[in-house]
Amino acid sequence: MIRDLSVEAPTQYPALIRFLLAVLHRALGMRDGKQYESQPRNKGDWEYLHSLGYFPAEPINNYLDTWRDRFDLFHPKQPFLQVGGLTSLSGGTKPAGLLIPYAASGNNVPIFSQSAERQPIALTPPEAARWLLHVHCWDTAGIKTGAKGDPQAKQGKTTGNRTGLLGSLGVLTPTGTTLWETLMYNLLVLNDDISPADDTPPWERDPLTAAWPTRLPHGVLDLYGWPGRRVRLFPERKDSEIAVRQALVCAGDRLKDESTLDSLEPHTAWYAVDDAASSARYRPSRHRPGQQLWRGLGGILGRRFEKGDGGPRSMAPHVLTHLRSVRLPKDKVLQLRAYGVVYGTQSSVVEETYTDVLPLPVALLRPTGREGLDAMAVQCVEASSRVAHALGQLAADVVLCSGGDESVQVARRNSAQNRLYLVLDQPFRAWIAKLRDEEAADAYRAEWHDRVRTEAQRLAQSIVDDAPPTALRTRMRVPKKGGRPEPINLAIAHHRFTQVLLALLPRAQNHD
């Protein structure tokens, strides 16, 4: 039994999972050695597969045999997800480190890079295959090497390239305790409105060429194998060993209209667009560096506050919407993995990667209306956020009372908020993992409120205890949005915080 995938970098994980899903969807449509429409096509098909507890080997083997040549990483004419014979306009190549975001290559010299171009990276074929999938998904934007045969290439380069497809998303992937479970959780019931003949991965279509289109995706499987770059790996053979030290990464397919992506892309949450001039209804949510995943629970579950027209303010990832519709054990707890990349300098370099894992009970995915466990959990997160804001305000008020300037107030406010989130982080993960029983929602809420109240009061007391004597002096604060100046000192600030805490966490107060 395969427990999980082992990867060199966290962001390889969703790239590999999406590749395996594309293979599975197509392979499950193989019968008697012939390719039929991708599977599953309805909820019953999915639940039957889930009941088996394994994927049938015969159709998968038949599929891999059918497309064997297209999975050859070094095929002379149609190498896997590459362009056979791809050549740069200059005739040169680049070090294979170009495929790896944390390796030095060209002008990209990360601070903590463990390699340099004078010591070029040598990738084994399996390593090269994983980084090949990664570069299609996460590659930086900006200038790419111009390729012979690319009509868009000028003066040895192609400009206007966007990041890889996943680079604009806050990727969310539900996982289980085995690789089979993980793949099942992500194996969607495919949309019958999309022609199975059109929605195929690139290895089932004509081989890629240096020329690339700006186009709409044909469907989910097209997205899973989206050839966002034109790539060529250059293998070097020594005795029986093969290594890849040189590569080319050139411009690839571009999305014609990203506003249509919300109907297809399953691995990100979405937020509503208020801009009347925009054709997009929703845009993908991005993960925020330094912010725990659970703080965005409302957006993840599609339970952000509503617009004036009554429409949802956020939309859950389609993969979680799918899991709401199928039968999974109520006591099952998924692990929701989050991945993202923070780009810098016009998205031409990778500055930071985001990863987090959040326990997600199946009970939170069951459609239960406004008063279900999911609504309760989101309300608890929102209450925690408001308490953190109040604690930050207390810290800023103490600085104000002590005569500190606005920059110090902002720094202390942020520090106090982050301290609360830090001490709540592991307790929240343990708390949310045990949410099972709808009838116990009030008890769950009270338990969390008690925890937040206890930690917030402890931190507030430490802020008060550390305040200098000058904080006792009464000063006048002028509200930023206008209004009359108001008196503020340490006692007033602490009293206001206490009142806010009582208002936000009434159930915790009742459990003394």
Side-chain angles (χ1 to χ4, degrees), residues 169-175 185 266-272 282-306 312-324 328 330 332-340 354-389 417-418 420-438 440-452 455-456 504-505 507-508:
L169 311 178
V171 177
L172 294 168
T173 307
T175 62
Y185 295 158
H267 288 123
T268 190
W270 304 85
Y271 68 92
Y282 292 92
R283 289 198 179 110
S285 295
R286 302 284 298 272
H287 302 308
R288 297 181 182 179
Q291 178 173 300
Q292 298 91 344
L293 183 61
W294 59 266
R295 290 167 57 184
L297 187 64
I300 292 170
L301 296 179
R303 280 198 169 272
R304 217 174 259 170
F305 58 90
E306 297 188 348
R313 198 58 193 155
S314 63
M315 183 166 60
H318 298 322
V319 67
L320 295 187
T321 303
H322 153 70
L323 290 175
R324 282 181 176 146
L328 291 175
K330 187 177 180 179
K332 191 74 175 177
V333 178
L334 314 179
Q335 299 295 317
L336 188 63
R337 300 191 189 183
Y339 304 92
Y354 177 99
T355 61
D356 199 355
V357 183
L358 177 67
L360 191 63
V362 166
L364 294 188
L365 299 178
R366 296 181 180 274
T368 54
R370 289 181 177 269
E371 303 302 324
L373 279 179
D374 55 341
M376 181 276 300
V378 171
Q379 290 163 8
C380 284
V381 171
E382 291 173 347
S384 304
S385 176
R386 293 191 181 101
V387 170
H389 176 79
Q417 291 175 347
N418 290 335
L420 180 60
Y421 284 127
L422 183 62
V423 298
L424 292 178
D425 185 41
Q426 291 305 318
F428 183 87
R429 296 169 193 273
W431 173 79
I432 196 173
K434 62 186 181 184
L435 301 185
R436 301 282 194 282
D437 186 0
E438 291 283 341
D442 287 343
Y444 292 139
R445 181 187 288 108
E447 179 187 353
W448 181 246
H449 281 189
D450 284 342
R451 185 59 180 256
V452 176
E455 298 294 353
L504 290 174
L505 306 176
R507 291 188 179 277

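These figures come from a predicted structure and were not determined experimentally.
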Take Asp374 and Leu435 through the test side chain to side chain contact (heavy atoms under 4.5 Å, CB included) and record every step on the way to the result. CA-CA 9 Å; Asp374 55 341; Leu435 301 185; over 6 Å; no
As an exercise, state the distance from [atom1] of [X] to [atom2] of [Y], rounded to the nearest 0.5 Å.
| X | Y | atom1 | atom2 | value |
| --- | --- | --- | --- | --- |
| His287 | Leu169 | NE2 | CG | 9.0 Å |
| Gln292 | Leu424 | CD | CG | 9.0 Å |
| Thr355 | Arg337 | OG1 | CZ | 10.5 Å |
| Leu334 | Leu336 | CG | CG | 8.0 Å |
| Leu323 | Leu364 | CG | CG | 12.5 Å |
| Ser314 | Tyr271 | OG | OH | 12.0 Å |

Using modelled atom types only, decide if a donor and an acceptor are shared between the side chain of Ser384 and the backbone of Cys380 within a distance under 3.5 Å. yes
Distance-only, no hydrogens or angles: does the Trp270 side chain make a donor-acceptor pair with backbone N or O of Thr268 under 3.5 Å? yes
Quick one: closest heavy-atom pair of [X] and [Y], and the distance?
| X | Y | answer |
| --- | --- | --- |
| Arg451 | Pro427 | NH2-CG, 3.3 Å |
| Ile432 | Pro359 | CG2-O, 3.6 Å |
| Arg295 | Gly290 | NH1-O, 4.3 Å |
| Ala377 | Leu297 | CB-CD2, 3.8 Å |
| Ala269 | Gly299 | CB-O, 3.7 Å |
| Leu373 | Glu438 | N-OE1, 3.3 Å |

One pair to check against side chain to side chain contact (heavy atoms under 4.5 Å, CB included): Val381 and Val378. What are the steps and the verdict? CA-CA 5 Å; Val381 171; Val378 171; 5.6 Å; no
Please evaluate residues Tyr185 and Thr175 with respect to the criterion side chain to side chain contact (heavy atoms under 4.5 Å, CB included), reporting the C-alpha separation (whole Å), side-chain torsions for both, the decisive distance (0.1 Å), and the verdict. CA-CA 7 Å; Tyr185 295 158; Thr175 62; 5.9 Å; no
Derivation of the side chain to side chain contact (heavy atoms under 4.5 Å, CB included) call for Leu172 and Val319: CA-CA 9 Å; Leu172 294 168; Val319 67; 5.9 Å; no
Pairing residues for His318 by the side chain to side chain donor-acceptor pair (under 3.5 Å) criterion, not counting sequence neighbours: none
With side chains defined as the heavy atoms from C-beta onward, is the minimum distance between [X] and [Y] less than 4.5 Å?
| X | Y | answer |
| --- | --- | --- |
| Asp450 | Arg445 | no |
| Leu360 | Val333 | no |
| Leu358 | Gln335 | no |
| Leu365 | Leu328 | no |

Name the residue from Tyr421, Trp294, Tyr444 that meets the ring pair (Phe, Tyr, Trp, His ring centres under 6.0 Å) definition with Phe428.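 Single ring pair (Phe, Tyr, Trp, His ring centres under 6.0 Å) partner of Phe428 among Tyr421, Trp294, Tyr444: Trp294.
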Restricting to pairs with a member in residues 423-436, which pass salt bridge (Lys or Arg N to Asp or Glu O under 4.0 Å), not counting sequence neighbours? Asp356-Arg429, Asp425-Arg429, Lys434-Glu447
Tell me whether the NZ or CZ atom of Arg288 lies within the 45° cone about the ring axis of Tyr354 and under 6.0 Å from its centre. no
